[in-house]
Amino acid sequence: EPTGPHRRASSAISLFLDIGQGAGLAGASGVRPFLPPLLAGALAGGDIGVDFDRGPFAFLESPAFLLVVLVLAVVAYAAERARVGRPLEVGLSILGIGLGALLFAGVLATAGREAWPGLIAGAACAALGFAGVARLLVRARRRADPSAAALFTVYGDLAALGLAAVSIFVPPVGLVALVAFVVLAVRGRAGAGDKYEGLRILR
């Protein structure tokens with residue numbers, strides 16, 4: 001059994017991996033809120049890569065919770081087909097931030113750590129995922145032909161699912177994704193600013 005410096009190094013590595021996994025799951029939930037918790041909950045039920053049993057967030061892998069998320073997903077997809085617009089965008093962002101906070105906190109609690117920092121960090125990571133990817137997809141969907149708009153929802157779901165899966169099994173990827181979200185968010189704001197300046201010039 002490791003002692004002294006070896007134990008501290010092992011603990012630091014474990015914390016790093018937990019943070020990476022939590023950040024990745026939370027960020028993926030910000031991109032699209034449904035598939036990351038469904039994937040994490042399903043895998044946790046079989047103790048594959050993640051497990052919420054050993055903490056107060058065991059409900060994240062409960063059939064009842066997963067069913068609620070699935071029902072919300074169906075409702076959201078129907079609303080997107082009806083082109084509800086801005087209210088749905090706001091609702092999805094709030095839902096993604098909430099689920100991201102729960103997933104990050106659940107990862108920390110399962111490892112025997114304080115869960116409350118995960119609620120804060122998870123909400124922040126999900127917000128980055130939304131700002132970096134989800135908003136870009138929303139803008140692209142608005143500009144696209146109605147027949148092709150649904151493809152951007154599929155792209156978002158695939159990106160969220162892929163990030164969640166990789167973050168569970170290769171946790172450091174979750175931290176790399178956060179950097180990518182920041183870059184995309186900054187570029188997106190810069191592009192929007194350039195477009196606004198161009199409209200002002202045309203006027």
Side-chain angles (χ1 to χ4, degrees), residues 13-45 48-62 65-66 68-70 72-73 76 89-138 153 155-186 188:
I13 293 173
S14 177
L15 176 60
F16 173 75
L17 295 177
D18 291 337
I19 291 174
Q21 187 178 79
L25 286 172
S29 297
V31 174
R32 287 286 292 177
F34 305 112
L35 294 186
L38 288 174
L39 175 66
L43 291 177
I48 302 172
V50 64
D51 180 18
F52 299 117
D53 274 342
R54 299 188 303 275
F57 292 86
F59 67 89
L60 291 173
E61 61 181 79
S62 69
F65 174 78
L66 297 179
V68 169
V69 175
L70 181 60
L72 289 174
E89 180 185 343
V90 173
L92 290 179
S93 67
I94 293 172
L95 184 60
I97 289 172
L99 289 172
L102 291 175
L103 288 171
F104 203 141
V107 170
L108 295 184
T110 298
R113 309 183 193 281
E114 289 284 345
W116 67 264
L119 293 172
I120 299 172
C125 292
L128 282 177
F130 178 80
V133 178
R135 293 185 67 180
L136 294 179
L137 292 174
V138 167
T153 297
Y155 297 153
D157 280 326
L158 291 177
L161 182 63
L163 175 56
V166 175
S167 297
I168 288 173
F169 297 106
V170 190
V173 171
L175 299 175
V176 176
L178 295 185
V179 177
F181 291 155
V182 172
V183 172
L184 289 171
V186 170

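Given the structure is predicted, the values throughout are model-derived calculations rather than measurements. Quick note: numbers below take in every heavy atom, side chains included, and nothing from hydrogens, waters or symmetry partners.
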Side-chain (E61) to main-chain (V50) donor-acceptor, under 3.5 angstrom: no
Sub-4.5 Å side-chain heavy-atom contact between V133 and F181: yes
CA sep, side-chain torsions, deciding dist, call: F57, T110, side chain to side chain contact (heavy atoms under 4.5 Å, CB included): CA-CA 8 Å; F57 292 86; T110 298; 6.0 Å; no
Nearest atoms (heavy-atom pairs only) where G118 meets F104: O-CB, 3.3 Å
Straight-line distance of I94 CD1 to E89 CD, nearest 0.5 Å: 11.0 Å
Side chain to side chain donor-acceptor pair (under 3.5 Å): pairs with one or both residues in residues 22-32, sequence neighbours excluded: R32-E80, R32-D157
Where at least one partner belongs to residues 116-126, residue pairs that pass side chain to side chain donor-acceptor pair (under 3.5 Å), sequence neighbours excluded: none
Heavy-atom pair with the smallest gap, counting every atom of A109 and A115: CB-CB, 4.0 Å
Sub-4.5 Å side-chain heavy-atom contact between F130 and I97: no
Exercise: identify the closest heavy-atom pair between F65 and F59: CB-O, 3.1 Å
Heavy-atom check, side chain of L38 versus side chain of L35, under 4.5 Å: yes
Exercise: identify the closest heavy-atom pair between G174 and S167: CA-OG, 3.7 Å
Heavy-atom pair of closest approach, residues G132 and L184: O-CB, 3.2 Å
Set of residues satisfying ring-ring contact (aromatic ring centres under 6.0 Å, His included) with respect to F16, sequence neighbours excluded: none
F52 vs L103 side-chain heavy atoms within contact, under 4.5 Å: yes
Those residues that, when tested against R135, pass side chain to side chain donor-acceptor pair (under 3.5 Å) (two or more places apart): none
Sequence-distant partners of D51, side chain to side chain donor-acceptor pair (under 3.5 Å), two or more places apart: R54
Distance-minimising heavy-atom pair for L66 and P37: CD2-O, 3.7 Å
L108 CG to I19 CD1 distance, which is reported to the nearest 0.5 Å: 7.0 Å
Non-neighbouring partners of L39 that pass side-chain contact (heavy atoms from CB on, under 4.5 Å), sequence neighbours left out: L43, L161, A164, A165, I168
Y155 side chain reached by V31 side chain, heavy atoms, under 4.5 Å: no
